[in-house]
Participant: 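I'd like to ask some things about the structure below.
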Amino acid sequence: MLLENKTILIMGIRNKWSIAWGAARSAAENGAKVLFTFMGEDNREKIEELISEIPNAKAYTCDASSDESIKQALTKIKEENGKLDGILHSIAHANTEDLRNDFITTSREGFSHANDISAYSFVAVARIADELEVLNEGASLVSLTYYGSTKVLPGYNVMGVAKAALETSVRYLADNLGKKNIRVNAVSAGPIKTLSAKGIKDFGSILNVVEEKAPLRRNVTTEEVGDVVSFLFSKMSSAVTGQILYADNGYNIMGI
Ligand code: IMJ
């Protein structure tokens with residue numbers, strides 16, 4: 001199996017619709033031992049119930065806005081499970097008003113918050129995992145991004161700026177960690193109805209446009225995105241680093 005004898009940490013699980021959950025199922029199906037981090041100790045019961053269908057899965061709380069919290073989580077994870085072969089960063093947040101109003105109204109605080117949680121936290125995870133020697137030789141770090149980093153999508157706003165910072169961070173991290181044979185990539189997923197898309201104005205029409213225009217004439221599923229993440233965790237991608245790999249049924253290649 002593709003991920004046999006590998007331990008994979010999935011950071012940012014919320015519910016069964018999360019891309020993180022699609023990635024976890026794919027990693028588990030391919031033979032990996034899967035661990036999770038989630039936000040907020042209050043959610044432990046719900047998360048443990050969800051992950052109970054994956055044998056030997058364990059969940060740890062982690063607040064991506066705090067280096068101290070990331071350190072605590074990674075220390076405990078290493079103590080209890082040994083070193084990791086892969087980490088998926090599936091964490092993003094912007095203030096709701098910054099996704100509802102015109103981009104020009106974004107406050108200094110809102111801009112900083114979106115970039116802190118959605119981009120900087122990946123840099124912090126990479127650095128702390130490296131410092132604490134949490135990663136095995138040949139490990140693979142993966143984050144999730146979106147086309148709104150590159151093109152204007154209505155309402156994506158400051159998240160587009162944060163994803164651009166994330167994608168550039170992927171390239172610089174890939175350079176820094178390449179010396180240690182650690183790879184760093186991001187998967188740019190097509191739009192999916194997750195909790196992060198809930199309440200987003202006209203989300204349904206965005207899904208319809210993809211169905212109509214994407215070369216494969218359909219939307220992507222969390223399982224399909226998860227399979228691409230598994231490829232990046234596997235030896236099959238040993239020559240791939242610093243890349244933004246689109247899992248969007250080809251939508252991004254179209255000019256119109
Ligand atoms: C989000 C906003 C606007 C347009 C959007 C999205 N499109 C897609 C998304 C077209 C696909 C979902 N996406 C890719 C995200 O990265 C979402 C991030 C996000 C969502 C929320 C909603 C609730 C909240 N803060 C958020 N922060 C980040 O309070």
Side-chain angles (χ1 to χ4, degrees), residues 8-15 18-21 23-24 35-43 47 59-78 84 86-96 98-99 106-135 139-146 148-149 156-177 182-189 194-197 225 229 232-233 241-244:
I8 301 295
L9 175 64
I10 308 277
M11 304 185 77
I13 181 101
R14 277 181 83 186
N15 58 34
S18 296
I19 296 177
W21 181 240
L35 308 170
F36 296 89
T37 71
F38 63 96
M39 175 72 176
E41 188 58 36
D42 299 355
N43 296 319
I47 297 296
Y60 301 83
T61 179
C62 182
D63 173 0
S65 72
S66 156
D67 285 13
E68 206 39 55
S69 176
I70 296 169
K71 261 180 212 151
Q72 276 180 18
L74 290 180
T75 302
K76 197 162 180 217
I77 287 165
K78 187 185 175 191
L84 302 174
I87 301 179
L88 174 67
H89 173 272
S90 182
I91 295 171
H93 197 261
N95 296 331
T96 36
D98 292 333
L99 303 177
T106 309
S107 66
R108 196 175 289 272
E109 187 280 324
F111 190 99
S112 174
H113 171 73
N115 278 275
D116 183 38
I117 305 299
S118 316
Y120 184 74
S121 66
F122 189 49
V123 181
V125 165
R127 185 187 61 257
I128 294 165
D130 183 38
E131 281 170 2
L132 296 176
E133 298 187 22
V134 167
L135 301 174
S140 168
L141 308 184
V142 180
S143 188
L144 290 170
T145 186
Y146 181 59
S149 65
Y156 202 58
N157 297 354
V158 73
M159 273 309 304
V161 177
K163 291 301 194 187
L166 175 73
E167 291 176 15
T168 305
S169 301
V170 163
R171 294 186 278 273
Y172 281 90
L173 290 170
D175 179 41
N176 290 170
L177 293 174
I182 294 165
R183 298 182 293 112
V184 186
N185 295 284
V187 174
S188 189
T194 67
L195 207 52
S196 280
V225 176
V229 174
L232 288 172
F233 284 148
T241 195
Q243 302 303 306
I244 310 303

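Residue numbers run from 1 in the order of the sequence given.
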Participant: Where do Ala119 and Ala165 come nearest, in terms of heavy atoms and distance?
Facilitator: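 Heavy atoms of Ala119 and Ala165 come nearest at CB-CB, 3.9 Å.
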Participant: Show your reasoning for whether side chain to side chain contact (heavy atoms under 4.5 Å, CB included) applies to Ile47 and Asn15.
Facilitator: CA-CA 7 Å; Ile47 297 296; Asn15 58 34; over 6 Å; no
Participant: Between the main-chain N or O of Ser112 and the side-chain N or O of Asp116, is there a donor-acceptor pair closer than 3.5 Å?
Facilitator: no
Participant: Please name the pair of heavy atoms, one in Ile117 and one in Ala92, separated by the smallest distance, quoted to 0.1 Å.
Facilitator: CG2-C, 4.0 Å
Participant: For residues 61-71, which residue pairs pass the salt bridge (Lys or Arg N to Asp or Glu O under 4.0 Å) check, not counting sequence neighbours?
Facilitator: Asp67-Arg127
Participant: Do you know which two heavy atoms are closest between Ser118 and Leu166, and how far apart they sit?
Facilitator: O-CD1, 3.7 Å
Participant: The criterion is side chain to side chain donor-acceptor pair (under 3.5 Å); which residues satisfy it with Ser140, sequence neighbours excluded?
Facilitator: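 Partners of Ser140 under the side chain to side chain donor-acceptor pair (under 3.5 Å) test: none.
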Participant: Ignoring hydrogens and geometry, is there a side-chain-to-backbone donor-acceptor pair from Gln243 to Thr241 under 3.5 Å?
Facilitator: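 Yes; at least one donor-acceptor contact below 3.5 Å.
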Participant: Salt bridge (Lys or Arg N to Asp or Glu O under 4.0 Å) with Asp98: which residues, sequence neighbours excluded?
Facilitator: none
Participant: What's the verdict on side chain to side chain contact (heavy atoms under 4.5 Å, CB included) for Leu88 and Leu144, showing C-alpha distance, side-chain angles and the deciding distance?
Facilitator: CA-CA 8 Å; Leu88 174 67; Leu144 290 170; 4.1 Å; yes
Participant: Run the salt bridge (Lys or Arg N to Asp or Glu O under 4.0 Å) test against Glu133 and tell me which residues pass, sequence neighbours left out.
Facilitator: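 With neighbours one apart ignored, the set is empty.
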Participant: Quick check for you: to the nearest 0.5 Å, what is the distance between Phe122 atom CZ and Leu173 atom CG?
Facilitator: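 Spacing of CZ (Phe122) from CG (Leu173) equals 6.0 Å.
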Participant: Quick check against the 3.5 Å criterion: does Lys163 have a side-chain atom that pairs as donor or acceptor with the backbone of Gly148?
Facilitator: no
Participant: Among residues at least two apart in sequence or on other chains, which ones pass side chain to side chain contact (heavy atoms under 4.5 Å, CB included) with Ala189?
Facilitator: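 For Ala189 the side chain to side chain contact (heavy atoms under 4.5 Å, CB included) partners, ignoring immediate neighbours, are Ile19, Val225.
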Participant: Without swapping roles, check the side chain of Thr194 against the backbone of Ser18 for a donor-acceptor pair under 3.5 Å.
Facilitator: no
Participant: Run the side chain to side chain contact (heavy atoms under 4.5 Å, CB included) test on Val142 and Val184 for me, step by step, so that the C-alpha distance in whole Å, both residues' side-chain angles and the decisive distance to 0.1 Å come before the verdict.
Facilitator: CA-CA 6 Å; Val142 180; Val184 186; over 6 Å; no
Participant: Do the non-hydrogen side-chain atoms of Leu141 and Arg183 ever get within less than 4.5 Å of each other?
Facilitator: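 Answer no - side chains too far apart.
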Participant: I want to check something: taking the side chain as every heavy atom from C-beta on, are Leu35 and Ile10 in contact at a cut-off of under 4.5 Å?
Facilitator: no
Participant: Can you name the closest pair of heavy atoms from Gly110 and Val158 and give their distance?
Facilitator: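 That closest heavy-atom pairing would be O-CG2, 4.3 Å.
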Participant: Look up atom CE in Met11 and atom CE in Met39, then write down how far apart they are to the nearest 0.5 Å.
Facilitator: 11.5 Å
Participant: For the atom pair CZ (Phe36) and CD1 (Ile77), what is the distance rounded to the nearest 0.5 Å?
Facilitator: 11.5 Å
Participant: OG1/Thr145 to NE2/His89 distance, rounded to the nearest 0.5 angstrom?
Facilitator: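 Rounded to the nearest 0.5 Å, the OG1-NE2 separation comes out at 11.0 Å.
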Participant: Testing the basics here: between Val125 and Leu74, what is the closest heavy-atom pair and its distance to 0.1 Å?
Facilitator: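 Between these two residues, the closest heavy atoms are O-CD1, 4.2 Å.
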Participant: Start with the C-alpha gap between Val187 and Leu232, add the side-chain angles, then the distance that decides, and say whether side chain to side chain contact (heavy atoms under 4.5 Å, CB included) holds.
Facilitator: CA-CA 9 Å; Val187 174; Leu232 288 172; 3.5 Å; yes
Participant: Using every non-hydrogen atom in the two residues, find where Ala73 and Thr61 come nearest and quote the distance to one decimal.
Facilitator: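 Smallest interatomic distance, heavy atoms only, reads CB-O, 3.8 Å.
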Participant: To the nearest 0.5 Å, tell me how far Ile244 CD1 sits from Asn185 CG.
Facilitator: 7.5 Å
Participant: Counting only N and O atoms by type, is there a donor-acceptor contact under 3.5 Å from the side chain of Arg14 to the main-chain atoms of Ala20?
Facilitator: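 No; zero donor-acceptor contacts below 3.5 Å.
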Participant: For the OG atom of Ser65 and the OH atom of Tyr120, what is their distance to the nearest 0.5 Å?
Facilitator: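 Answer for the OG-OH pair, Ser65 versus Tyr120, is 12.0 Å.
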Participant: Donor-acceptor pair, Ser149 side chain versus Tyr146 backbone, under 3.5 Å?
Facilitator: yes
Participant: With the side chain counted from C-beta on, respond yes when Thr37 and Ile70 share a heavy-atom pair under 4.5 Å apart, and no when they do not.
Facilitator: no
Participant: Applying side chain to side chain contact (heavy atoms under 4.5 Å, CB included), can you list everything that pairs with Ala64, at least two apart in sequence or on another chain?
Facilitator: Ile91, Ser121
